[in-house]
Amino acid sequence: MIEDKERYLESVKHAGDYIKGLLGGRKVPEICIVLGSGLGPLADICEQYLSIPYSDIPDFPRSTAPGHAGRLIAGNLSGKDVFMMNGRFHYYEGYPMETVVFYIRVLGLIGVKTLILTNAAGGIKTEMVPPEFVAIEDHFSFFAESVLRGPNIAEFGTRFPDQSSVYDKELISILEDCAKDLGVKLSRGIYAYMKGPQYETPAEIRALRILGADCVGMSTVPEAVCASHMGLRVVGMSCVTNMAAGISKGPLSEKEVLDTAAAASEQSCALMKEFIRRL
Ligand code: HPA
């Protein structure tokens, strides 16, 4: 939880000024895409004009999750200027929530308007066949601390932000059209956030299914809540890499998640490329 509002805000502004300084005279990209598992190759397709290691950005955390490179990229993808977060921060890594979402606040304050969150997730809806995609239409996170707990910083948003449409409906429709035109299987669904790092138990998955979840994962929700608090347009897309615990025939493993995300990489990159083109 944020202890010192002024200090936190100063850090956010300082990191933002650093990034703006490196952009030189260029306009700050209005789109940021967070590259979840399988989407790393998008960073290579993008015509990069800036690639900043997280370790160079003042007060930025380091990314410790496997397969997360740890670079903020600015470049042109499908004719649009974009930021790419190649590596994100998870609560399970040990960061406090305000650190998990630090980058969103930095990018939001310097001018990002649209945030695209991608992730790998476990499938709860039994008819799913991994790999397939979910356009996140809503989420729940009953079992995690809110990213907004603690003093509210008015520069970011209001104390009690509305959550009736965290995920932008128009953007979901565009994403669905892209998937249809590319022949990629994508459905709308509810994402359940779990803190991890352990995968869920079968009993937890049964409970999440009763509560209405279609897929489950350990990221995205803190960022989505924080971005919607700031008034950003948010879109979330999950790549279902495995069936969730108890639905899956065997034990869950990180290898399965990463291998399946890698196998779906061509599809997920094509989908995101087209989505960004149509924004
Ligand atoms: N549970 C939580 N997170 C995940 C899963 C899962 O089954 N698959 C990929 N990320």
Side-chain angles (χ1 to χ4, degrees), residues 33-41 63-69 85-95 97 100-101 116-145 147 167 184-225 235-265 267-269 271-272:
I33 171 163
V34 179
L35 305 178
S37 308
L39 274 149
S63 142
T64 69
H68 289 251
M85 283 286 294
N86 199 2
R88 57 142 67 88
F89 314 104
H90 306 81
Y91 187 72
Y92 67 70
E93 293 173 82
Y95 299 118
M97 280 295 189
V100 171
V101 299
I116 306 166
L117 297 164
T118 64
N119 62 45
I124 294 184
K125 212 161 54 178
T126 43
E127 54 273 30
M128 284 173 165
V129 183
E132 65 171 71
F133 297 91
V134 174
I136 302 175
E137 63 175 344
D138 207 347
H139 68 233
F140 57 80
S141 63
F142 300 127
F143 311 115
E145 169 192 322
V147 70
Y167 302 91
V184 171
K185 186 148 190 273
L186 174 134
S187 59
R188 287 186 185 210
I190 309 296
Y191 178 94
Y193 173 65
M194 297 293 274
K195 288 180 297 208
Q198 76 280 14
Y199 290 114
E200 302 70 35
T201 64
E204 286 169 336
I205 294 299
R206 282 194 298 276
L208 295 181
R209 164 141 18 88
I210 291 166
L211 293 172
D214 298 302
C215 58
V216 58
M218 304 176 199
S219 68
T220 299
V221 168
E223 291 128 298
V225 171
V235 62
M237 186 182 83
S238 294
C239 173
V240 173
T241 51
N242 59 283
M243 291 314 288
I247 305 173
S248 164
K249 304 257 178 305
L252 270 56
S253 75
E254 186 190 8
K255 185 176 182 315
E256 180 188 9
V257 170
L258 294 179
D259 287 353
T260 311
S265 182
Q267 274 198 330
S268 43
C269 290
L271 195 49
M272 276 301 126

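Computed from a predicted structure; not experimentally measured. Both ligands and their constituent atoms are indexed starting at 1 by order of listing. Because only heavy atoms are used, hydrogens play no part in the values below, and waters and symmetry mates are left out as well, while side chains stay in.
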(request) Please round to the nearest 0.5 Å and tell me the distance separating atom CE of Met237 and atom CG of Leu117. (result) 11.0 Å
(request) Output the list of atoms in ligand 1 that are nearer than 4.0 Å to some heavy atom of Val257, sorted by atom number. (result) 8 (N), 9 (C)
(message) How far is atom 3 (N) of ligand 1 from the closest protein heavy atom, and which atom is that?
(response) Gly217 CA, 3.4 Å
(message) Test of understanding: given a 4.0 Å heavy-atom threshold, classify the contact between Ala245 and ligand 1 as side chain, backbone, both, or neither.
(response) neither
(message) Do Thr260 and Pro131 make a side-chain contact, defined as non-hydrogen atoms from C-beta onward lying under 4.5 Å apart?
(response) yes
(message) Within the 4.5 Å heavy-atom criterion, are Glu132 and Leu186 side-chain neighbours or not?
(response) no
(message) Using a 4.0 Å cutoff against the non-hydrogen atoms of Thr241, which atoms of ligand 1 qualify?
(response) 8 (N), 9 (C)
(request) Could you list which atoms of ligand 1 come closer than 4.0 Å to a heavy atom of Tyr199? (result) 1 (N), 2 (C), 4 (C), 5 (C), 6 (C)
(request) Answer yes or no: is there a side-chain heavy-atom contact under 4.5 Å between Met128 and Val134? (result) yes
(message) Considering non-hydrogen atoms of the protein only, which is the closest contact for atom 7 (O) of ligand 1, and what is the distance?
(response) Asn242 ND2, 3.0 Å
(message) Do Tyr167 and His139 make a side-chain contact, defined as non-hydrogen atoms from C-beta onward lying under 4.5 Å apart?
(response) yes
(request) Around atom 5 (C) of ligand 1, find the nearest protein heavy atom and jot down its residue, atom name and distance. (result) Gly122 N, 3.4 Å
(message) Among all the protein's non-hydrogen atoms, which is closest to atom 2 (C) of ligand 1, and how far away is it?
(response) Glu200 OE2, 3.2 Å
(message) Under 3.5 Å, is there a donor on one side chain and an acceptor on the other for Asn242 and Ser248?
(response) no
(request) Mark the output for Met218 as yes if a heavy-atom distance to ligand 1 is under 4.0 Å, and as no if none is. (result) yes
(message) For atom 10 (N) of ligand 1, what's the nearest protein heavy-atom neighbour? Residue, atom name and distance, please.
(response) Ala120 O, 3.3 Å
(message) Just to be sure I read this right, does ligand 1 sit under 4.0 Å from the backbone of Leu252, its side chain, both, or neither, counting only heavy atoms?
(response) side chain
(request) Check whether any side-chain heavy atom of Tyr91 sits under 4.5 Å from a side-chain heavy atom of Pro222, and report yes or no. (result) no
(message) Can you give me the closest heavy-atom contact between Phe133 and Gln267, atom names plus distance?
(response) CE1-OE1, 3.5 Å
